[in-house]
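Remarks on the structure that follows.
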Amino acid sequence: YAVQAEWCVCVCVCFVTMGVGGAGAGRCGGCVCQCQQSRGYHLTVLLFSCVLYCTAMGLTVVNLQDLIVHVIETEHPDKSKDWIVSSASFHSGLILGTTSIAQLVFMPLLGALSDKLGRKPILMVAIFGSCVEYLVLYLSKSLVMIFVAQLVSGVTHGFYLTAMAFVADISPPGQKSKDFALVGASMASGFIFGPVLGVVLQTRSVSFRNIFLVALSLTTAGFTIIALLLPESKGSHLDEPSGLLKFEPSYGVKSEDEDA
């Protein structure tokens with residue numbers, strides 16, 4: 001945990017340095033360049049992104065049903081409460097079922113693309129898809145818009161598998177199980193923090209639409225972290241610090257065991 005905390009500090013330093021001085025500022029700081037060559041740095045950046053991504057997802061699970069009920073009430077104000085709830089349950093099952101089918105079809109494709117194009121661009125596509133989903137849900141005035149938002153989510157839902165592939169790329173054989181567990185724990189913590197944050201926001205009288213804006217902010221932060229700080233894991237070596245939309249190879253990342 002002490003080592004992980006050290007890399008958390010390093011990630012914060014890198015983010016502030018790149019935010020103030022631009023991507024080129026990372027080349028001027030020896031500490032930034034050195035830490036970006038490490039497996040621990042890469043893993044810490046990925047864990048931060050996983051927590052943000054899953055917190056946003058857990059935050060919106062319950063609010064999706066509330067949004068569907070609200071849209072149906074708006075479209076059919078003359079219907080009874082029981083009819084609205086029944087219709088909302090039916091459309092929720094239809095929408096989520098379609099999303100699951102889209103995941104089944106497109107997740108293998110995203111996995112194949114990550115092998116060909118690299119892990120970082122697919123991670124960015126996955127989290128950008130979530131950004132689009134939450135924005136469309138916030139603006140949704142009809143069931144069609146909700147359906148489109150969830151379909152986008154299903155098509156781009158490859159974050160978890162790609163994150164695991166990233167860990168497999170950078171971790172030595174003796175560390176893979178531990179690193180896989182850390183990624184799983186970070187995602188589980190996000191699914192715990194998300195609903196808790198949702199309850200807190202609701203007790204503060206935050207509307208369910210604004211909760212989608214909070215989820216959008218979290219995923220936007222995760223996208224920014226991946227774009228600016230996370231190097232590519234497929235390749236031969238890491239030539240320079242990562243920058244926005246730069247997919248540098250970093251397969252030859254040194255682990256802490258090798259440094260020792």
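Along the sequence shown, residues are numbered consecutively beginning with 1. Quick caveat: nothing in here was measured; it's all calculated off a predicted structure.
Note that OG1 of Thr162 and CG of Asp115 are 9.0 Å apart. Values are rounded to the nearest 0.5 Å. For the atom pair Leu94 CG and Ile146 CD1, the distance stands at 12.0 Å (nearest 0.5 Å). With rounding to the nearest 0.5 Å, the separation of CE in Met107 from OG1 in Thr156 is 10.5 Å. Note: Phe128 CZ to Thr219 OG1 = 10.0 Å, rounded to the nearest 0.5 Å. Considering CG of Leu96 and NE2 of His91, their distance stands at 12.5 Å, rounded to 0.5 Å. Expressed to the nearest 0.5 Å, how far CG of Asp179 lies from OG of Ser171 amounts to 3.5 Å.
Residue Val152 comes nearest to Gly129 through the heavy atom pair CG1-O, 3.8 Å, listed as atom of the first residue, atom of the second, then distance. Looking at every heavy atom in both residues, Leu201 comes nearest to Ile211 through CD1-CG1, 4.1 Å. Here the closest non-hydrogen pair linking Gln150 and Leu137 is OE1-CD1, 3.9 Å. When all heavy atoms of Leu123 and Ala163 are compared, the pair lying nearest together is CD2-N, 3.8 Å. Nearest heavy atoms, Ala215 versus Ala56: O-CB, 3.6 Å. Shown here for Pro231 and His42, the closest heavy-atom pair between the two residues is CG-NE2, 3.4 Å.
Cluster annotation: Leu113 and Val125 are assigned to distinct hydrophobic clusters (Ile/Leu/Val/Met/Phe/Trp/Tyr, side-chain heavy-atom contacts under 4.5 Å, transitive). At a threshold of 4.5 Å between side-chain heavy atoms, the hydrophobic network of Ile, Leu, Val, Met, Phe, Trp and Tyr places Trp83 and Leu67 in one connected group. Clustering ILVMFWY residues whenever any of their side-chain heavy atoms sit less than 4.5 angstrom apart, transitively, puts Val199 in a cluster other than the one holding Leu197. A single hydrophobic cluster is not seen to contain both Val85 and Leu143; linkage of ILVMFWY side chains at heavy-atom distances under 4.5 Å, directly or through other members, places them apart. Side-chain heavy atoms closer than 4.5 Å link hydrophobic residues (I, L, V, M, F, W, Y) into clusters, and following such links, even through other members, never connects Ile95 to Val61.
Judged purely by atom type and a 3.5 angstrom limit, Thr203 uses its side chain to pair as donor or acceptor with the backbone of Val200. A donor-acceptor pair under 3.5 Å links the side-chain atoms of Tyr41 to the main chain of Leu229, judged by distance alone. In this structure, the side chain of Ser86 does not engage the main chain of Asp82 through any donor-acceptor pair within 3.5 Å. The main-chain N or O of Ile72 is never found under 3.5 Å from a side-chain atom of His76 such that the two would form a donor-acceptor pair. Between the side chain of Arg209 and the backbone N or O of Ser140, at least one donor-acceptor pair lies under 3.5 Å.
Considering Val51, Leu47, Thr55 in turn, Val51 is the only one that fulfils the side chain to side chain contact (heavy atoms under 4.5 Å, CB included) rule with Ser189. With Phe212 as reference, Asn63 is the one residue of Leu139, Asn63, Leu59 to meet the side chain to side chain contact (heavy atoms under 4.5 Å, CB included) rule.
Residues that satisfy the ring-ring contact (aromatic ring centres under 6.0 Å, His included) test with Phe159, not counting sequence neighbours, are Tyr53. For Phe147, the ring-ring contact (aromatic ring centres under 6.0 Å, His included) criterion is met by no residue, not counting sequence neighbours.
Under a cut-off of 6.0 angstrom, the local environment of NZ in Lys176 is crowded, with over 12 non-hydrogen atoms contributed by other residues, nucleotides or ligands. Counting non-hydrogen atoms of other residues, nucleotides and ligands closer than 6.0 Å to CZ of Phe180 gives a total above 12.
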Show your reasoning for whether side chain to side chain contact (heavy atoms under 4.5 Å, CB included) applies to His157 and Leu110. CA-CA 8 Å; His157 191 82; Leu110 291 175; 5.9 Å; no

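Between Leu64 and Thr60, the closest side-chain pair of non-hydrogen atoms is not below 4.5 Å. The side-chain heavy atoms of Leu135 and Cys131, taken from C-beta on, include no pair separated by under 4.5 Å. A heavy-atom distance below 4.5 Å is found between the side chains of Leu43 and Leu182. Side-chain contact between Thr99 and Glu133: absent, with no pair of heavy atoms (C-beta onward) separated by less than 4.5 Å. Proximity of Phe166 to Leu230: side-chain heavy atoms (C-beta onward) are separated by under 4.5 Å at one or more points.
With respect to Lys79 and Glu73, no salt bridge is recorded, no charged nitrogen being found less than 4.0 Å from a carboxylate O.
Within the structure, no pair that satisfies the salt bridge (Lys or Arg N to Asp or Glu O under 4.0 Å) test touches residues 150-164, not counting sequence neighbours.
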